[in-house]
Protein chains: 2
Amino acid sequence: MLHNTPLRNHLDISHIRSSCATCSLRELCLPVGLNDDEIQVLGDVVSHKRKIQRGGYLHHTGAKFQSLFAIRSGFLKTCVLEQDGRQQVTGFHMTGELLGLDAISTDTHTCDAIALEDSEVCEIPFAKLEEISRIIPSLMRHFHKMMSREIVRDHGVMLLLGSMKAEERLATFLLNLSRRFLVRGYSESDFNLRMTREEIGSYLGLKLETVSRAFSKLQDEDIITVDNKHIRINDIARLRMKMGNSSCIT
Amino acid sequence: MLHNTPLRNHLDISHIRSSCATCSLRELCLPVGLNDDEIQVLGDVVSHKRKIQRGGYLHHTGAKFQSLFAIRSGFLKTCVLEQDGRQQVTGFHMTGELLGLDAISTDTHTCDAIALEDSEVCEIPFAKLEEISRIIPSLMRHFHKMMSREIVRDHGVMLLLGSMKAEERLATFLLNLSRRFLVRGYSESDFNLRMTREEIGSYLGLKLETVSRAFSKLQDEDIITVDNKHIRINDIARLRMKMGNSSCIT
DNA sequence: TATTAATTTTGATTCAGATCAATCAAAACA
DNA sequence: TGTTTTGATTGATCTGAATCAAAATTAATA
């Protein structure tokens, strides 16, 4: 169940910076395979840009759904709140990714989206997106692929949570981050985590102490070097071994 | 994070049997809020019906994606295979639900779909669905909602796998089944499981012995009565208590 | 119907990860 | 700059679920 190819499309362009005064559509996830006219049409829709400070909310659970958000820069987490106040992280999101897909079903956001560093997003009014996707079939197709990819990704996480042990989970998580950084033009072996151990734990279904121990263990084996939030992958092959059988988490 | 409303739309009609010789579109999940002409158009697309025997495959992992499948009757599981041969169940599916959404992203099925009892599905060629959804906006909107609902559902499972203990998981699972039966016109408190303890365990991230013990425990407390695959819920309120805080798994 | 195979239950034991607790390091702030 | 707060690491202990094992049921098949 390896899914390398699907990411290619929208990620290959995610590091290209255009000088366009508007939202720099070309670097977004959506306008894949569109001609200039079509991009123009799309551009009229997603012109609204928005900045969120570290710690700020892009949207709250329960808020009325109007728009999807395409991340232009930064790093966010999504999480659902339980009654007792604790939160479960459902995902970490970076440049080029689309947020808010879960809200389409009920016209209400089903999770909080919180910036883990200063971030910038483009607002995409969903009604308009549907409208123009009727005119531009390739846009519709691409949008459907993105929704579907989200489902596949979630199945990967379910596999991880349902059948992997702590160290395998962390290895999978690190390799996933690594690949996403690589594809955006950053180092695949040297990066800074934006989230805390607790947030990693919440995402991976582990307690923060267990996450910390797993980090230490991988370091003891010289597979990675950990300096607080800074991670260096010394032996990516051995890290892949740690992941075990599965190739989940696209 | 309660999501009762979204299910309403397509499920309210799921128990209605029309005598139409074709695929009985009206009872499917898609034609919500369409007029007769529109249903006619849609009908031309989904006319192909298919039966799958118990144990048979609707599709295999890696197979080329052509169509979505709407379940007309029966019960199926979807599961992903790991290298080592074991399988993780990603979902159980019943009448009115749509299968194959994960395959859109790569044009390849990412899981196996296997019938747990004799089942009948309608094949919906995806290219055609996209085509006519350009003509019928309400169909497109509904399709998007269904994809989105799948994402929300998966987040619910992630929450379950990431933060609940065995008994809570089983309670959540039973209540979920219960509600889905109810909505289809069957008893909410008296039903037969179609899957084995092992399949339940795989879905819930537990070993089959743990599932069995959790059943026994709930029975000891007089909350349910278990007779092999037959389940009777004696005290749904207390079962809900067992679920704990969260309302996940829509 | 007899026989075999698959599934389920229950018990005993082990172990991975949670929990409790203390220390240490790094931000954030006055 | 010192102080407070937040986050990370590490150790000791406990516990829920996995594992190992056997018996009991149920379903499938000759």
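The chains referred to below are lettered A, B, ... by the order of the sequence lines, with proteins before strands, and numbering in each begins at 1. Note that the coordinates shown come from a computational prediction; the quantities given were computed from them, not determined experimentally.
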What is the distance, rounded to the nearest whole Å, between atom [atom1] of [X] and atom [atom2] of [N]?
| X | N | atom1 | atom2 | answer |
| --- | --- | --- | --- | --- |
| B:Phe215 | C:dT10 | CZ | P | 12 Å |
| A:Asp227 | C:dA26 | CG | P | 7 Å |
| B:Glu198 | D:dT25 | CD | C1' | 17 Å |
| A:Gln219 | D:dT10 | CD | C1' | 13 Å |
| B:Leu204 | D:dA18 | CG | C1' | 16 Å |
| A:Glu167 | C:dC15 | CD | P | 17 Å |
| A:Asp220 | D:dT9 | CG | P | 12 Å |
| B:Leu208 | D:dA18 | CG | C1' | 11 Å |

Inset, instruction - For B:Thr210 and for A:Ala166, locate the closest nucleotide of DNA chain C by heavy-atom distance; then report the residue assigned to the nucleotide nearer the 5' terminus. - result: B:Thr210

Check the phosphate of [N] against [X], side-chain N and O only, distance under 4.0 Å to OP1 or OP2. Yes or no?
| X | N | answer |
| --- | --- | --- |
| B:Ser212 | C:dT9 | yes |
| B:Lys229 | C:dT8 | yes |
| B:Thr196 | C:dT7 | no |
| B:Arg197 | C:dT9 | yes |

Inset, instruction - Go through the N and O atoms of the side chain of A:Arg169 and the base of C:dG17, and report whether any donor-acceptor pair is under 3.5 Å. - result: no

Nearest-neighbour nucleotide for the [X] side chain, [options] considered:
| X | options | result |
| --- | --- | --- |
| A:Ser216 | D:dA17, D:dT26, D:dT10 | D:dT10 |
| A:Arg54 | C:dG17, C:dT9, C:dA28 | C:dA28 |
| B:Arg213 | C:dG11, C:dA18, D:dG11 | C:dG11 |
| B:Asn228 | D:dG7, D:dT26, D:dT9 | D:dT26 |
| A:Lys165 | D:dA8, D:dA18, C:dA16 | C:dA16 |
| A:Glu209 | C:dA21, D:dC20, D:dA17 | C:dA21 |

For [Y], is there an ion pair with [X] - N to carboxylate O distance below 4.0 angstrom?
| X | Y | value |
| --- | --- | --- |
| A:Arg213 | A:Glu209 | no |
| B:Asp118 | B:Arg54 | no |
| B:Arg180 | B:Glu97 | yes |
| B:Lys165 | B:Glu168 | no |

Legend entry - A:Thr108 side-chain N/O to A:Thr106 backbone N/O, donor-acceptor pair under 3.5 Å: yes

Inset, instruction - Mind checking B:Gly205 for me? I need base, sugar-phosphate or nothing, with any heavy atom below 4.0 Å counting as a touch. - result: sugar-phosphate

Inset, instruction - Evaluate the ring planes of A:Tyr203 and A:Phe92, with Trp represented by its six-membered ring, and classify them as parallel (under 30°), tilted (30 to 60°) or perpendicular (over 60°). - result: perpendicular

